[in-house]
Number of protein chains: 2
Amino acid sequence: MATGRTHRPATRSRGIPEATVARLPLYLRALTALSERSVPTVSSEELAAAAGVNSAKLRKDFSYLGSYGTRGVGYDVEYLVYQISRELGLTQDWPVVIVGMGNLGAALANYGGFASRGFRIAALIDADAHLAGRLIAGLPVRHADELEDIVEDNQVSIGVITTPAGAAQEVCDRLVAAGVTSILNFAPTVLTVPDGVDVRKVDLSIELQILAFHEQRKAGEELSEAVDSVTPPVAAKTVRGGIKRPGSDGDLPAVMPA
Amino acid sequence: MATGRTHRPATRSRGIPEATVARLPLYLRALTALSERSVPTVSSEELAAAAGVNSAKLRKDFSYLGSYGTRGVGYDVEYLVYQISRELGLTQDWPVVIVGMGNLGAALANYGGFASRGFRIAALIDADAHLAGRLIAGLPVRHADELEDIVEDNQVSIGVITTPAGAAQEVCDRLVAAGVTSILNFAPTVLTVPDGVDVRKVDLSIELQILAFHEQRKAGEELSEAVDSVTPPVAAKTVRGGIKRPGSDGDLPAVMPA
DNA sequence: ATGTCTTTGTGAACGCGTGCACAAAGATGG
DNA sequence: CCATCTTTGTGCACGCGTTCACAAAGACAT
């Protein structure tokens with residue numbers, strides 16, 4: 001039933017584990033820094049430290065790409081940069097559209113990390129007609145009506161969604177229908193897509209909530225949570241004909257970015 | 001040696017698996033939506049569909065929190081919202097500072113998802129003196145000199161870093177020294193922190209690169225990569241006294257957000 | 001009170017990811 | 001050419017996370 005298979009499809013693509021793929025950009029960044037300092041070679045130990053991972057893990061990751069190291073010496077920095085770039089597809093040009101020109105969309109448009117990695121912003125799109133034509137990061141905002149044309153004309157295969165949550169699924173559907181097969185979703189919604197389309201999700205609120213959980217745990221270790229356990233709403237009990245619900249409704253309103 | 005243990009410490013906190021904690025905000029969002037529609041109860045199957053996960057996984061996740069369901073009926077929406085909120089620590093007030101008021105920092109400051117989930121922006125901080133005093137999202141930007149005072153005065157335990165990569169580690173060190181124990185890092189750098197401090201990383205560039213990898217794989221399935229395999233730089237070979245490196249240096253310059 | 005029917009909660013099996021530890025490879029020095 | 005020393009590449013074991021499948025629990029009807 002095409003349940004919006006977000007994050008980690010666990011499908012091992014061409015023998016390279018998903019976890020490894022997720023680390024390749026990390027290695028690439030560390031290697032690029034070394035390259036700029038004209039460091040010729042690097043050992044797995046050094047590179048692992050720079051990337052913040054275990055050295056054995058790094059060697060195993062690289063082993064999936066092939067034997068690019070030299071025993072007794074290490075890895076050739078330039079060569080590895082090239083191999084990883086190629087493996088990730090960064091030697092190609094990837095036209096990208098960003099839909100939703102709120103604060104976040106504008107931030108992404110200005111984000112330098114795109115262009116330098118082979119990602120070219122083909123267009124910025126927004127549903128607000130007032131924004132149409134305005135320049136953001138040197139590019140004119142196009143109206144949402146043009147979405148299909150833009151995607152098809154520019155052979156766009158990657159779409160970034162930074163719209164409010166309510167609009168995300170519709171935008172997603174239109175992108176997919178027009179030919180987009182990879183989506184980076186910043187809207188706090190579960191997107192449903194057909195098979196063959198990849199969705200990755202970035203959710204700022206979720207990250208903070210995870211931090212809050214650990215933070216609470218750290219704080220609650222000394223004082224064994226005496227404050228929070230005062231009168232928790234009584235557990236749901238059946239009363240013939242339904243379930244008694246403790247609180248009222250309308251807490252924690254759903255929110256959206258931008 | 002305190003290697004910047006980013007993401008997933010794999011430390012099972014109080015019996016609740018890390019993977020489960022990461023999904024709780026997802027369930028909470030789905031439940032909140034149901035709550036607003038005044039839906040009294042929901043089955044694991046329905047809620048799982050709304051959250052985009054497997055129903056068995058959802059039930060197991062909830063089982064770590066306790067037995068909050070009613071067999072034959074499902075889960076009480078309001079009660080579950082409360083329980084998850086409490087478990088995540090969202091019933092508390094979490095003062096947060098955002099350091100780095102570039103485009104991304106401003107976007108986060110305007111992001112509505114913070115305040116509504118118990119996260120209160122205690123201050124916006126930037127190193128640029130020209131920005132000091134300017135209002136962003138209704139809050140005045142404070143100068144970086146005040147960082148320590150702000151953190152201590154407001155009992156801030158969570159810090160968000162949206163500075164350029166070069167400044168991130170120093171900002172991180174200062175935040176930690178002042179008492180921050182959880183950091184959400186948007187700068188493309190590996191942060192090194194002492195034990196007891198949690199770091200979560202959000203990297204826009206990495207997400208896109210992962211998408212590109214899969215995209216390339218999809219595209220390369222029909223035409224078996226005839227274009228990209230033309231004359232790959234010859235593998236590194238030793239020539240007595242060093243390693244022959246194929247390309248020159250200076251490719252893919254390191255970049256930073258904002 | 002008893003039976004039926006729905007849905008939870010979980011035991012068990014499986015697969016992926018991680019990290020240890022070591023053998024093989026190759027560079028370097030004599 | 002041989003010995004030594006460094007560093008890679010990987011076999012193996014372990015633990016976490018996911019999923020299946022089912023027994024137990026409780027609602028609801030009679």
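Note that the coordinates shown come from a computational prediction; the quantities given were computed from them, not determined experimentally. Every chain is numbered from 1 and lettered A, B, ... according to where its sequence line falls, protein lines coming before strand lines. Side-chain atoms are counted along with the backbone in the values below, which use heavy atoms only and exclude waters and symmetry mates.
Using a 4.0 Å cut-off, some side-chain N or O of A:Ser44 falls inside it from OP1 or OP2 of D:dT8.
In terms of modelled atom types and a separation under 3.5 Å, the side chain of A:Gln169 and the main chain of A:Thr192 share a donor-acceptor contact. Of the possible polar contacts, none joining the B:Ser35 side chain to the B:Leu31 backbone as a donor-acceptor pair under 3.5 Å is found.
B:Tyr64 places its OH atom 13 Å from the P atom of C:dG9, with the value rounded to the nearest Å. With rounding to whole Å, B:Asn54 atom CG is found 15 Å from C:dC14 atom C1'. Following rounding to the nearest Å, B:Arg59 (CZ) and D:dC20 (C1') show an atom-to-atom distance of 10 Å. Computed from coordinates, the B:Tyr75 OH to D:dA25 C1' distance equals 13 Å when rounded to whole Å. Between the P atom of D:dT18 and the CG atom of B:Leu58 lies a distance of 12 Å, rounded to the nearest Å. Summarising the geometry, the separation between OH on A:Tyr68 and C1' on D:dT8 is reported as 15 Å, rounded to the nearest angstrom. The distance from atom NZ of B:Lys57 to atom P of C:dG11 is 19 Å, rounded to the nearest whole Å. Protein atom CG of A:Asp76 is 13 Å distant from nucleotide atom P of D:dT8, rounded to whole Å.
Checked by distance alone, A:Arg71 brings a side-chain donor or acceptor within 3.5 Å of a matching partner on the base of D:dT8. B:Lys60 contributes no side-chain N or O that forms a donor-acceptor pair with the base of D:dG17 under 3.5 Å.
Across all strands shown, A:Thr20 has no heavy atoms under 4.0 Å from either base or sugar-phosphate atoms.
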**Item:** Residue pair A:Ile183, A:Cys172: steps toward the side chain to side chain contact (heavy atoms under 4.5 Å, CB included) verdict
**Value:** CA-CA 8 Å; A:Ile183 288 179; A:Cys172 173; 3.5 Å; yes
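Checking C:dA27, C:dT18, D:dG26 against every side-chain atom of A:Ala19, the shortest atom distance belongs to C:dT18.
For the pairing with A:Tyr68, the ring-ring contact (aromatic ring centres under 6.0 Å, His included) check across A:Tyr27, A:Tyr79, A:Tyr75, A:Phe62 returns one residue only, A:Tyr79.
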